[in-house]
Amino acid sequence: MRAEKKVVGHLTKCYSVAPLFYKGNEYFLTAAEKEDPCLLFDMDGNKVDTVWEGPGGTMSMVQVPDTDGQFLATQKFYSPNDSKEAKIVLVTPDEAGNWQIKTIAVLPHVHRFDLLKRGETRYLIACTIKSGHEYKEDWSSPGKVYAAVLPENLSVLCEKNPLQLEVIQEGMIKNHGYYRVEENGMDTGLISYEGGVCQFIPPARQGEPWEVNMLLDTPASDAVLVDFDQDGERELAVLSPFHGDCISIYKKYGGNYQKVYEYEKPAEFSHAIYGGSLCRQPALVVGHRQGNRNLICFTWNQDKQAYQWNILDQDCGPANVLHKRRNGEDWLISANRETDEIAMYRITQ
């Protein structure tokens with residue numbers, strides 16, 4: 001794989017990146033970890049709007065399906081040690097082109113969230129990295145996973161009438177990683193924490209419990225499922241431990257995942273992750289924020305029956321990465337936090 005890089009903007013400690021369908025076109029959002037703006041770009045890399053100037057602290061952004069530019073976002077999560085005021089907001093563009101923002105859930109320490117659909121029901125799933133702390137790097141209060149049925153009419157939600165979240169899993173120490181994966185035609189959430197990697201499956205019917213399947217009991221920071229060798233069984237790619245330096249791939253044997261590959265170099269503070277198709281083959285993309293701060297692509301070499309890797313970019317320090325296909329080409333959009341770059345990469349073989 002080769003990457004042609006285009007820096008389209010700069011944003012201090014840019015962190016979150018997400019797609020947005022708005023006014024009949026595809027765009028992408030990028031927002032900052034600290035008290036900085038959220039920006040809207042078109043797919044040519046042109047900045048078209050500033051959604052908000054602050055407060056920032058945005059770890060996750062997700063479009064509300066079947067809407068024209070409406071999305072949910074976290075705010076005021078400035079770090080694991082400064083996230084007591086974190087919340088989820090609803091962002092709605094009005095006819096004048098302004099962005100209306102209102103709080104729909106105050107959820108201290110909320111780090112990742114997503115919208116999952118099963119049948120006709122949409123669920124919001126939210127992950128808190130911890131539940132409180134008394135001092136810096138205090139992890140004695142484990143995080144939790146929350147869920148709620150998303151109402152069809154979101155306009156009724158506000159800070160005085162918030163989304164009613166319920167706890168569906170407790171005891172999640174360093175509850176950091178989240179990735180949406182499709183399984184049997186439905187959305188599921190892959191959640192990574194100190195206890196390992198779990199797959200959360202929404203209820204078939206409202207009111208029923210969520211199904212939680214433990215895939216791996218190794219401490220993990222992020223994970224994704226990718227069928228690298230295309231044998232019909234997806235492998236589990238894992239970044240470990242929390243904000244760690246190890247990139248591993250596990251294959252399922254007899255119902256259990258066993259490690260079959262480990263990247264031979266330390267990838268300090270591994271963080272950005274994408275798993276899926278890239279140039280028409282299964283791939284894993286990982287960015288790490290310390291050391292060489294590379295953006296790395298992993299694939300399976302069918303002839304050699306071995307995993308291989310190549311560096312897409314160096315000394316960039318990605319926090320999160322988004323994959324998009326456009327005009328038959330593969331693009332990666334990266335929030336390169338450590339260099340304050342918003343970058344687009346055209347990927348070719």
Side-chain angles (χ1 to χ4, degrees), residues 15-19 28 58-63 65 72-74 110-118 123-129 143 145-147 168-169 172 174-202 210-228 233-244 246-250 252 257 267 269-278 282-289 295-298 318-324 332-335:
Y15 185 95
S16 185
V17 59
F28 68 89
T58 301
M59 302 290 102
S60 302
M61 298 182 286
V62 181
Q63 178 154 14
L72 298 170
T74 52
V110 60
H111 181 249
R112 301 293 192 198
F113 77 91
D114 196 10
L115 300 178
L116 304 179
K117 185 177 182 181
R118 184 168 183 183
Y123 297 90
L124 183 142
I125 184 170
C127 309
T128 56
I129 201 166
V145 180
Y146 296 78
I168 59 174
Q169 189 81 356
M172 309 286 283
K174 297 180 179 177
N175 186 19
H176 177 268
Y178 178 86
Y179 207 100
R180 185 195 302 169
V181 294
E182 187 175 309
E183 184 101 339
N184 299 322
M186 63 181 171
D187 295 332
T188 74
L190 215 58
I191 293 177
S192 303
Y193 71 114
E194 188 74 6
V197 181
C198 294
Q199 188 172 20
F200 283 70
I201 301 173
W210 285 65
E211 182 180 343
V212 182
N213 296 325
M214 193 76 182
L215 304 187
L216 193 70
D217 61 4
T218 298
S221 192
D222 282 277
V224 66
L225 289 164
V226 180
D227 186 5
F228 287 98
E233 182 77 66
R234 289 183 292 185
E235 287 74 54
L236 182 64
V238 180
L239 312 184
S240 62
F242 173 65
H243 286 171
C246 184
I247 303 171
S248 305
I249 297 174
Y250 294 76
K252 185 182 281 188
Y257 284 99
F269 210 135
S270 289
H271 202 279
I273 187 169
Y274 163 71
S277 178
L278 201 60
L284 168 72
V285 175
V286 176
H288 63 104
R289 290 168 45 186
L295 185 65
I296 315 165
C297 180
F298 297 86
N320 286 287
V321 65
L322 168 69
H323 170 255
K324 294 290 289 183
L332 294 173
I333 304 165
S334 183

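Note that the structure is a prediction, hence the values are computed from the model and not measured.
- Residues Ile191 and Val212 fail the side-chain proximity criterion, which asks for heavy atoms closer than 4.5 Å.
- Proximity of His111 to Cys127: side-chain heavy atoms (C-beta onward) are nowhere separated by under 4.5 Å.
- Between Ala267 and Ile247, the shortest heavy-atom distance links the atoms CB-CD1, 3.8 Å.
- The minimum heavy-atom distance linking Ser240 with Ala220 is given by the pair CB-CA, 4.1 Å.
- Rounding to the nearest 0.5 angstrom, the gap separating the CZ atom in Arg180 from the CG atom in Asp114 is 4.0 Å.
- Using a 4.5 Å cut-off on side-chain heavy atoms (C-beta onward), Tyr250 and Val238 make contact.
- In this structure, the side chains of Ser334 and Pro318 come closer than 4.5 Å at one or more pairs of heavy atoms.
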**Message:** Does Thr188 form a side chain to side chain donor-acceptor pair (under 3.5 Å) with Glu183? I'd like the steps, not just the answer.
**Reply:** CA-CA 7 Å; Thr188 74; Glu183 184 101 339; 5.5 Å; no
**Request:** Give the C-alpha distance, both sets of side-chain angles, the deciding distance and a yes or no for side-chain contact (heavy atoms from CB on, under 4.5 Å) between Leu278 and Val285.
**Result:** CA-CA 9 Å; Leu278 201 60; Val285 175; 3.9 Å; yes
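- Distance check, rounded to the nearest 0.5 Å: CG of Asn175 to OH of Tyr193 gives 8.5 Å.
- Note: His323 NE2 to Ser277 OG = 6.0 Å, rounded to the nearest 0.5 Å.
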**Message:** Pair Tyr178, Phe113 - check side-chain contact (heavy atoms from CB on, under 4.5 Å), show working.
**Reply:** CA-CA 8 Å; Tyr178 178 86; Phe113 77 91; over 6 Å; no
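- Between Met59 and Ser16, the shortest heavy-atom contact is O-OG, 3.6 Å.
- Within the 3.5 Å criterion, the main-chain N or O of Ser60 finds a donor-acceptor partner in the side chain of Thr74.
- Under a 3.5 Å cut-off, the side chain of Asn320 and the backbone N or O of Tyr15 do form a donor-acceptor pair.
- Here Ser248 contributes atom OG and Leu216 contributes atom CG; the two are 9.0 Å apart, rounded to the nearest 0.5 Å.
- With hydrogens and angles disregarded, a donor-acceptor distance shorter than 3.5 Å links the side chain of Ser221 to the backbone of His243.
- The aromatic ring centres of His288 and His271 sit 6.0 Å or more apart.
- Considering CE of Met61 and CG of Leu322, their distance stands at 9.5 Å, rounded to 0.5 Å.
- A distance-only check finds no donor-acceptor pair linking the side chain of Asp217 to the backbone of Gly196 [under 3.5 Å].
- Residues Leu124 and Leu72 form a side-chain contact, since some pair of their non-hydrogen atoms from C-beta on lies under 4.5 Å apart.
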**Prompt:** How far apart are the C-alpha atoms of Ile333 and Val321, what are their side-chain angles, what is the distance that settles it, and do they pass the side-chain contact (heavy atoms from CB on, under 4.5 Å) test?
**Reply:** CA-CA 6 Å; Ile333 304 165; Val321 65; over 6 Å; no
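- Salt bridge absent: Lys117 and Asp187 never bring a charged side-chain N and a carboxylate O closer than 4.0 Å.
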**Prompt:** Can you list the steps and then say if His176 with Asp222 is a side-chain contact (heavy atoms from CB on, under 4.5 Å)?
**Reply:** CA-CA 7 Å; His176 177 268; Asp222 282 277; 3.0 Å; yes
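- The distance from atom CZ of Arg112 to atom CD1 of Ile129, rounded to the nearest 0.5 Å, is 8.5 Å.
- Side-chain contact check for Ile125 versus Tyr146: every heavy-atom pair is 4.5 Å or farther apart.
- For the pair Leu115/Tyr123, no side-chain contact is recorded, criterion being any heavy-atom separation below 4.5 Å from C-beta on.
- Heavy-atom minimum distance, Leu215 versus Tyr257: O-CD1, 3.3 Å.
- Smallest separation of non-hydrogen atoms from Val197 and Leu190: CG1-CG, 3.8 Å.
- Using a 4.5 Å heavy-atom cutoff, the side chains of Glu235 and Ile249 are in contact.
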